[in-house]
Amino acid sequence: SARWVEKFIAAWHFERASSDEGFREGCVVEVRRAVPPPVPHHFQRFDISNGICYTNQTTSHLAVGNSGILVHAPESRLVEIWVNEDGREPFSLALARLFFYGTQAALRRCGLFELHAAGVAPPDSDAGVLIVGASGSGKSTFAVRLAQSGWRYLTDDVIMLGEEDGSRVSAHGLRRVFSLTEATITSCAPPHLERAARAPLECDPRKRQLDPLVMFPSAFSRRCLPRALFFPVITGEAASRVTRLSQPEAMARLLRMCPWSSYDAPVARRHLRVLSLLARQCDSYSIESGRDIVERPGFAAELLAAHTKA
């Protein structure tokens with residue numbers, strides 16, 4: 001189990017801390033191969049992807065199949081994961097789902113909040129751009145097209161948001177690899193495909209895993225200060241259209257993408273503050289993505305640069 005977890009973490013932008021480094025804030029994630037404890041019947045419940053969350057606003061139980069996660073009260077700084085090997089699904093797939101949920105809960109308690117977004121930045125600028133959307137909204141296509149135009153990238157899928165100096169939000173990429181559909185690969189033709197190929201993820205077998213450091217050497221950026229938010233939707237039409245969003249509209253869309261800002265009560269106030277700062281910090285746009293994004297090299301960079309403040 002420990003070897004598998006270490007392999008899983010190696011796919012993220014985490015670094016091993018030295019023994020004498022110390023931590024400002026810490027949260028322990030424990031993993032067990034065992035049956036999870038029973039869920040208290042008096043807890044409130046709501047659906048999550050692949051499972052159910054039960055909470056009393058202080059402690060949360062996440063039931064994912066016959067496995068589970070217990071997120072303890074904030075003062076304990078503890079998240080426990082139980083992987084029940086009942087044969088219904090491979091151990092590695094069950095642990096991938098559970099470990100992602102558990103780690104995100106731990107990161108929220110350390111002041112880092114997940115947002116499904118690609119993160120990019122124009123060349124020679126710190127004006128970061130977040131392309132926010134669910135799976136299938138075109139985030140990875142934008143990330144590849146922009147990187148091909150010389151933009152720097154943080155990630156194509158999951159951003160961690162953190163508050164800096166009490167007045168601004170920074171963005172950090174989580175996953176090291178790009179996860180691309182065959183359609184995106186065919187239309188965008190990223191460079192060095194064979195050398196960039198990595199082992200597929202069991203939790204996402206429909207997509208190919210590619211190392212962006214091989215495809216786009218020296219283009220990786222550890223962080224950025226977001227200046228623009230784009231919320232894409234694929235239309236299939238010939239031309240793309242961009243519409244400016246007000247701050248309340250942008251905030252409403254961020255909230256829909258970040259349900260844990262309401263569900264995870266102990267850190268909800270801090271989570272909502274970060275999202276509110278992000279909405280105020282950025283110009284925000286809805287983008288109806290047409291075929292010109294994939295058919296015209298350089299067009300995505302032109303389109304986004306025209307709506308990104310320095």
Should [X] and [Y] count as an ion pair when the cut-off is N to O under 4.0 Å?
X      : Y      : result
Arg109 : Glu75  : no
Glu295 : Arg145 : no
Arg244 : Asp283 : yes

Under the side chain to side chain contact (heavy atoms under 4.5 Å, CB included) criterion, do Leu304 and Phe142 qualify, and how do the steps go? CA-CA 10 Å; Leu304 268 61; Phe142 268 104; 3.7 Å; yes
Excluding sequence neighbours, so at least two apart, what forms salt bridge (Lys or Arg N to Asp or Glu O under 4.0 Å) with Arg108?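 Counting only residues at least two positions away or on another chain, Arg108 forms a salt bridge (Lys or Arg N to Asp or Glu O under 4.0 Å) with Asp264.
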Run the salt bridge (Lys or Arg N to Asp or Glu O under 4.0 Å) test against Glu302 and tell me which residues pass, sequence neighbours left out.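 By the salt bridge (Lys or Arg N to Asp or Glu O under 4.0 Å) rule, Glu302 matches no residue at all.
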Val177 side chain reached by Leu210 side chain, heavy atoms, under 4.5 Å: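 Result no, sub-4.5 Å side-chain heavy-atom pair not found.
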Side chain proximity check, Asp156 to Val144, heavy atoms < 4.5 angstrom: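 No; the side chains remain at least 4.5 Å from each other.
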Does a donor on one side chain and an acceptor on the other come within less than 3.5 Å for [X] and [Y]?
X      : Y      : value
Thr141 : Thr184 : yes
Ser179 : Gln209 : yes
Asp292 : Ser240 : yes
Ser170 : His172 : yes

Straight-line distance of [X] [atom1] to [Y] [atom2], nearest 0.5 Å:
X      : Y      : atom1 : atom2 : answer
Leu174 : Thr103 : CG    : OG1   : 9.0 Å
Leu154 : Arg175 : CG    : CZ    : 13.5 Å
Leu245 : Ser284 : CG    : OG    : 6.0 Å

By side-chain hydrogen bond (donor to acceptor under 3.5 Å, both in side chains), which residues pair with [X], not counting sequence neighbours?
X      : answer
Arg253 : none
Asn50  : none
Asn56  : none

Ring pair (Phe, Tyr, Trp, His ring centres under 6.0 Å) partners of [X], counting only residues at least two apart:
X      : value
Phe178 : Tyr153
Tyr285 : Phe230, His307
His72  : none
Trp82  : none

Would you mind listing every side-chain hydrogen bond (donor to acceptor under 3.5 Å, both in side chains) that reaches into residues 230-239, with sequence neighbours excluded?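 Output for this query lists Glu237-Arg241.
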List in chain and number order the residues that pass side-chain contact (heavy atoms from CB on, under 4.5 Å) with Ala305, two or more places apart in sequence or in another chain; answer none if no residue qualifies. Trp151
Are His192 and Phe216 an aromatic pair, judged by ring center distance below 6.0 Å?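 Not close enough - the centres of the two rings lie 6.0 Å or further apart.
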Mind running side chain to side chain contact (heavy atoms under 4.5 Å, CB included) on Ile48 and Trp260 for me, showing each step along the way? CA-CA 10 Å; Ile48 58 175; Trp260 290 106; 4.0 Å; yes
Just say parallel, tilted or perpendicular for the rings of Phe100 and Trp12, cut-offs at 30° and 60°.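 Ring orientation, 0 to 90° scale: perpendicular.
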Which atom names give the shortest non-hydrogen contact between Arg152 and Pro122, and what distance separates them?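 The pair with the smallest heavy-atom distance is NH2-O, 3.2 Å.
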Any idea which heavy atoms bring Val132 and Lys139 closest together, and the distance?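 Smallest heavy-atom distance, with atoms named: C-CD, 4.5 Å.
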For Tyr54, the hydrophobic cluster (side chain heavy atoms closer than 4.5 Å, chained through members) also holds Val39, Phe43, Ile52
